[in-house]
Amino acid sequence: SSHFSSAHAHEACRVGQPAMSATILVDDLETYISQYGTQGAIQRLQFIASKTENKDLKIDAGKLCLDMIKRTTNAKAYGEVHASLKILTEGSDAVAPSFDSVWVEATQKQSTILKDLYEQDLHVAKVQQAKDQIRTAHTQLINHCIEQGEFSLGLKYVSTSREWSTEAAHIFQTCMTFIRLSALLRQYTDIQSFTSKAQHTQGKEQGGQSMIHAAYGLYYMTSGKFKDAALSFVQVRQQDLTGPFLDVLCPQDIALYGVLCALASLDRNEVQAKLLDSSSFRECLDLVPQVRDLTLDFCSCKYAACLSSLEKMKEALALDLHLHEQVSELCQQIRSKGIVQYFAPFMSVSLHSMAAAFNTDVDGMQAEVARLVSKGQLDAKIDSHKKILYMRHANQRMAAYQNTMRVSEDFLNTTQALILRMNVLKHDFGIHLARQKK
């Protein structure tokens, strides 16, 4: 069944950790951010603070970001975020947190000592040609770079560590670290190449396969390949997204991205089968009641409700780190898909009833339909005077009849030709060429 019982829906809401929407971001930013790993949370908070025009949200994001940064050793980022917060709070009721110079000084000192120690470990391991120690030293340096927010430098260490990774488990781990750092740098093309390498690594566990599907989905979505993205996201099991991968995506992202990409690219029946009827993807949807209801409305042909919910989420979606550049295109494609599917069963439809169903005026509806007709997405013609859309349904019965007649004629012609040939041979009726004597 595609519908949830009220008890099930209540349980889904009780779980907490709702979807990213305007109210969630403004009123419950801390809950939203708690879904991610430390670096992923910092990255998203910095993005929200830089993109939103809501000053209170900027300040809240900045303060939360400062707290998250103090869980790392990134003293440089701490100074930058604190400086921007100080400027934001000048002349307002909000007060910037005091600058923790003791933490900054101690952290910088400790980081320098640790980096020297890790580099010394790597040097000793290389001299001894001890493969395991070399790999361990590289891992220490990579983690140190991530703590410092130096993701590009971390990628260099990942690249040099690859030659010392020979076992399948180590190769897979290297690929996943590369994917994590590429996502933190938003270098999506690199995600694709290393996801492909991870996919072809032997001996992966189910959890590893889920993370591969999630990484592929992220690459496809940011490349505008929404159908491929949807088909990747629906294969992810939410319980498999744990540990460092939460810096990249969390289960709620899978639900949000998966639904938006699916509604933009799949038919209603496919959305029902692959999303709502999928036990594993439904677990993701249960975490995000708003997105689940959006999907149910779409599959129930309640397009006005679906598009209205989507419109309310648009502002918040524009603050999503990975999704923001695709929001307009996704929303447009979802609306177009709804219009096409609404028309499909009818020979003719009043643009007035369509305008009501899609929460717009008649002229706006006519313009949208005309655009879909010109793009070849709707095989129809518009009577602009009567405001009626007439579908150009192919006459399948006539087409089948004509095809049958053509096949029959071909069969008769072939049979007559064979009979004629048999009679000619039987009566030895033909021209015989005399053999030339040598």
Side-chain angles (χ1 to χ4, degrees), residues 29-50 57-90 92-126 133-161 173 176-178 180-186 242-248 250 321:
L29 188 59
E30 196 166 346
T31 301
Y32 167 67
I33 284 303
S34 68
Q35 306 168 80
Y36 300 97
T38 303
Q39 297 299 334
I42 291 168
Q43 185 191 34
R44 284 175 180 265
L45 286 166
Q46 287 178 321
F47 184 80
I48 290 165
S50 68
L57 183 56
K58 274 183 188 287
I59 292 170
D60 288 345
K63 286 179 176 178
L64 261 178
C65 194
L66 271 189
D67 291 341
M68 297 298 291
I69 289 170
K70 287 185 79 173
R71 298 182 190 178
T72 72
T73 58
N74 194 349
K76 182 185 176 187
Y78 180 87
E80 289 169 354
V81 172
H82 189 275
S84 63
L85 259 179
K86 200 171 178 182
I87 294 167
L88 271 173
T89 52
E90 280 177 2
S92 72
D93 295 335
V95 180
S98 56
F99 186 78
D100 193 342
S101 55
V102 175
W103 178 85
V104 170
E105 190 177 329
T107 302
Q108 286 175 330
K109 187 176 180 181
Q110 184 191 19
S111 295
T112 305
I113 293 168
L114 281 175
K115 188 174 183 184
D116 290 343
L117 184 64
Y118 295 152
E119 285 178 341
Q120 187 179 345
D121 286 349
L122 179 60
H123 175 71
V124 171
K126 281 184 175 179
Q133 281 83 348
I134 291 172
R135 196 174 57 253
T136 302
H138 272 115
T139 302
Q140 288 175 333
L141 282 165
I142 291 163
N143 290 336
H144 184 266
C145 289
I146 292 171
E147 282 277 302
Q148 294 273 285
E150 296 176 338
F151 306 131
S152 296
L153 183 58
L155 277 178
K156 289 180 183 177
Y157 283 119
V158 176
S159 297
T160 54
S161 72
Q173 197 55 51
M176 296 314 295
T177 305
F178 211 108
R180 179 189 178 197
L181 287 167
S182 298
L184 288 167
L185 289 165
R186 284 189 275 164
T242 56
F245 195 82
L246 289 174
D247 283 334
V248 182
C250 70
L321 180 74

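By convention here, the first residue in the shown sequence is residue 1.
Thr72 approaches Gln39 most closely through the heavy-atom pair CG2-NE2, 3.5 Å. Contact detail for Thr89 and Ala96: the closest heavy-atom pair is OG1-CB, 3.5 Å. In terms of heavy atoms, His82 sits closest to Ser98 at NE2-C, 3.6 Å. Closest non-hydrogen pair, Asp247 versus Gln43, comes out as O-OE1, 4.5 Å. The shortest non-hydrogen separation linking Ala61 to Leu45 is CB-O, 3.8 Å. Contact between Ile142 and Tyr157 at its shortest, heavy atoms only, is CG1-CB, 3.6 Å.
With sequence neighbours left out, Phe47 forms a ring pair (Phe, Tyr, Trp, His ring centres under 6.0 Å) with His324. Partners of Lys70 under the side chain to side chain donor-acceptor pair (under 3.5 Å) rule, at least two apart in sequence or in another chain, are Asp100.
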Query raised in the report: Which is it for Ile134 and Lys126 under the side-chain contact (heavy atoms from CB on, under 4.5 Å) test, yes or no, and what are the steps along the way?
Result: CA-CA 6 Å; Ile134 291 172; Lys126 281 184 175 179; 4.2 Å; yes
Report task. List the steps, then state whether side-chain contact (heavy atoms from CB on, under 4.5 Å) holds for Lys63 with Leu85. Result -> CA-CA 8 Å; Lys63 286 179 176 178; Leu85 259 179; 4.1 Å; yes
Requested in this report: Could you check Thr107 against Asn74 for side-chain contact (heavy atoms from CB on, under 4.5 Å), going step by step and ending with a plain yes or no?
Outcome: CA-CA 8 Å; Thr107 302; Asn74 194 349; over 6 Å; no
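You'll find the side chain of Phe178 reaches within 4.5 Å of the side chain of Ser159, heavy atoms only. In this structure, Arg180 and Phe245 have side chains that are not in contact, with every pair of non-hydrogen atoms separated by 4.5 Å or more. Counting only heavy atoms from C-beta outward, the side chains of Ile42 and Ile33 never approach each other to under 4.5 Å. Taking 4.5 Å as the limit, every side-chain heavy atom of Pro244 sits out of range of all side-chain heavy atoms of Met176. Looking at heavy atoms from C-beta onward, Thr160 lies in side-chain contact with His138 at the 4.5 angstrom threshold. Inter-residue side-chain proximity for Lys86 and Phe99 is flagged as unmet; no heavy-atom pair is nearer than 4.5 Å. Residues Thr139 and Ser161 form no side-chain contact, since every pair of their non-hydrogen atoms from C-beta on lies 4.5 Å or further apart. Under the 4.5 Å side-chain criterion, counting only non-hydrogen atoms from C-beta, Asn143 is not in contact with Tyr118.
Below 30°, between 30° and 60°, or above 60°: for Trp103 and Tyr78 the angle between ring planes is between 30° and 60°, a tilted geometry.
Without hydrogens or angle criteria, Gln148 side chain to Thr73 main chain gives a donor-acceptor distance under 3.5 Å. Side-chain atoms of His123 never come within 3.5 Å of backbone atoms of Glu119 as a donor-acceptor pair (strictly under, hydrogens ignored).
Here the CD-CG distance, from Gln110 to Leu117, works out to 11.0 Å after rounding to the nearest 0.5 Å. Interatomic distance, CG of Asp121 versus CG of Asp116, reported as 11.0 Å (0.5 Å rounding). To the nearest 0.5 Å, the span separating CG on Asp60 from CG on Leu29 amounts to 6.5 Å.
At most 12 non-hydrogen atoms from other residues, nucleotides or ligands lie less than 6.0 angstrom from CD of Glu105.
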